[in-house]
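All remarks here apply to the structure that follows.
Side chains are part of it too, since the values below use all heavy atoms of this structure and drop only hydrogens, waters and symmetry mates.
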Amino acid sequence: MANKFYITTPIYYVNDIPHIGHSYTTIAADALARFNRRLLGENQVWFLTGTDEHGQKIQRASDEAKLTPQEFVDKVMVKFKELWVKLDISYNDFIRTTEERHIKVVQKALEILYKSGDIYEDTYEGWYCTPCETFWPETQLVDHFCPDCHRPVERISEKNFFLKLGKYQQDLIKYIEEHKNFIRPDFRRNEVLSFLRLNKLEDLCISRPKERLSWGIPLTFSPGHVTYVWFDALINYMSAVGSFDEKNNYISKWWDNETEVVHLIGKDILRHHAVYWPIMLMALQQAGVKGVKLPDTIFAHGWWLNKDEKMSKSRGNVISPLFMADKFGVETYRYFLLRDLPFGLDGNFSEEAFIKRFNSDLANDLGNLVYRTLTMVEKYFQGVVPEFSSSGERVKEIAAKLAALPKEVENSLKAESDFNFVRALENIWEKINLANKYVEETKPWNLAKENKTEELKNFIRLLVEAIRKTGAEIAPFMPRTAGTINEELGSGTIKKGKPLFPRIEDQKPKK
RNA sequence: CGCGGGGUGGAGCAGUCCGGUAGCUCGUCAGGCUCAUAACCUGAAGGUCAUGCGUUCAAAUCGCAUCCCCGCAACCA
């Protein structure tokens, strides 16, 4: 089985600053990367993110900013990197599609497919909106006007290069049918399957003439063309972790059969990842390239909505990850995104829900448990965690439940469980609640009064153990909190600090 | 008749495959406790399980029909 884990986010398109959706995918990927590092070993995991820096939109945005495209992407790319530092994203590599290592792999892949015949030259015809610089499919046109700017479109045709999709359609259907984890969640898998079964795939135009789009990777076999942005972008998953050798075989430590390859994406780009990308890989295999496999799992998650509406710049309802992290803390932000919304579904984002989650889960359950425990160790044992002296039935029972936790979390975070963060966190919080109940049923304040020192020792010892165990499990989701808990309670002598999560009181004026 | 998912106490969800006490979290109310961040623990109230018909001793769960909501329907990150 796989003993390595390679996880990716999409490379983000840098025509604008990062929003909540970018941070959602990246935080989820980070939690999985951190979790698997602990499970498989620090060096057995590779976590890739990056930026997609070519294409018309960027060309246009840079014109507006009166910068060259390169200057423009250099500037915007930094915003992403800064945000990932802020959010404690532990990526191993950050790829940019303007980097030499990427360009080389893209060009080589195109060459191979051109030689094998799966990429061929033909005429592309379509309805084109010149001001928007966009081709529109017939079905989206409003009469004969651009659906975006409502100006008339014109029929143009030009020489371009195409990838044979139809050739691999049946193979892809078969592959998806045989690999339950290839597309997750299930309903997305069904969507892709029914799309593939009911439509005949037309070949994909993968180039643009240079005069229409100069900001892209030139085709080596046709200098007048650059690659279309998707062909360019998808290959990042390979170009970042490997390269072609002189025999045109792909060499990579992270794209072999010992590695579980996982692409985390938003539902909006499922088609590209679940259809175009696997077919590109199949075409490379067909061309005789060794070392190429299909990814193990493509997981499409849902969207965060604002009052049931999609967040968008034009609606002006976008929530900024920087703002939320500054206002409520990075840890809370990470926790909320992973806990409040089942991974895969859409859900609403609101500050009310955020504060509720914070107060009940973090302040009341976790923070308070840690704090009350610290106080008791201080008060009853002068800050030194006592040793076990004996253990009763209840102690064994609780210890057994704690021992089961790592496996529960592991099962919840598997691909076949849809990387169920909500369940994993519920697994952990079950133990936190158990610890809180344990305090109530033991009533240590009575034990102290009655001088039942042995019982008190065992109680405190187990309580501390419970917090250490749950604290360790929290680490992938809230690394800093786990670190603080470890500092305060990890050794024999405690270090009591401020409460981890001070409650947020509502600002209703008091009468 | 394009394909698919869904409508469960105030809110968000589980349960539906394999019919048989409708469960969880939050909220509300009451009580307990004092180690703790007005926190923690216990208990209670609150649901014709979208609607109608049917199968069955028995249906949230199976069948048919109707209403409503959402996703996908290709080259647009």
* To do: With heavy atoms under 4.0 Å as the rule, sort A/His19 into base, sugar-phosphate or nothing.
  =>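 Touches a base.
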* Can you name the residues that form a side chain to side chain contact (heavy atoms under 4.5 Å, CB included) with A/Lys164, not counting sequence neighbours? ->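 Once residues adjacent in sequence are excluded, the partners of A/Lys164 under the side chain to side chain contact (heavy atoms under 4.5 Å, CB included) criterion are A/Asp118, A/Tyr120, A/Lys167, A/Asp203.
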* Asked: What pairs of residues pass the salt bridge (charged side-chain N to carboxylate O under 4.0 Å, His left out) test when at least one of them lies in residues 180-190 of chain A, not counting sequence neighbours?
  ->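 Listed by first then second residue: A/Arg184-A/Asp418, A/Arg188-A/Glu191.
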* To do: Not counting sequence neighbours, which residues clear side chain to side chain donor-acceptor pair (under 3.5 Å) with A/Arg461? List them please.
  =>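 Scan of A/Arg461 (side chain to side chain donor-acceptor pair (under 3.5 Å), adjacent residues dropped) gives A/Glu465.
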* Asked: RNA chain B: A/Pro342 or A/Pro502, which has the more 5' nearest nucleotide?
  ->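 Between the two, 5'-proximity favours A/Pro342.
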* Can you check whether A/Tyr335 and A/Trp429 have ring centres sitting under 6.0 Å from each other? -> yes
* Options B/rC3, B/rG71, B/rC40, nucleotide nearest the side-chain atoms of A/Asp365 ->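 Of the options given, the side chain of A/Asp365 lies nearest B/rC40.
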* Asked: In terms of side-chain heavy atoms of A/Glu440, which of B/rC75, B/rG32, B/rU37 is nearest?
  -> B/rG32
* For A/Glu99, salt bridge (charged side-chain N to carboxylate O under 4.0 Å, His left out) partners two or more places apart ->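 A/Glu99: salt bridge (charged side-chain N to carboxylate O under 4.0 Å, His left out) contacts with A/Arg101.
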* Aro-ring/base stack A/Trp445-B/rC33, d under 5.5 Å, angle under 30° -> no
Side-chain donor-acceptor contacts of residues 374-383 of chain A below 3.5 Å, not counting sequence neighbours, with atom names and distances?
residue, atom, partner, partner atom, Å
A/Thr375, OG1, A/Tyr371, O, 2.9
A/Thr375, OG1, A/Lys496, NZ, 3.0

* Structure fact -> Stem ranges of RNA chain B by first residue number, counting only runs of at least 3 Watson-Crick or G-U pairs under 3.5 Å, come to B:2-7 with B:67-72, B:10-13 with B:23-26, B:28-32 with B:40-44, B:50-54 with B:62-66
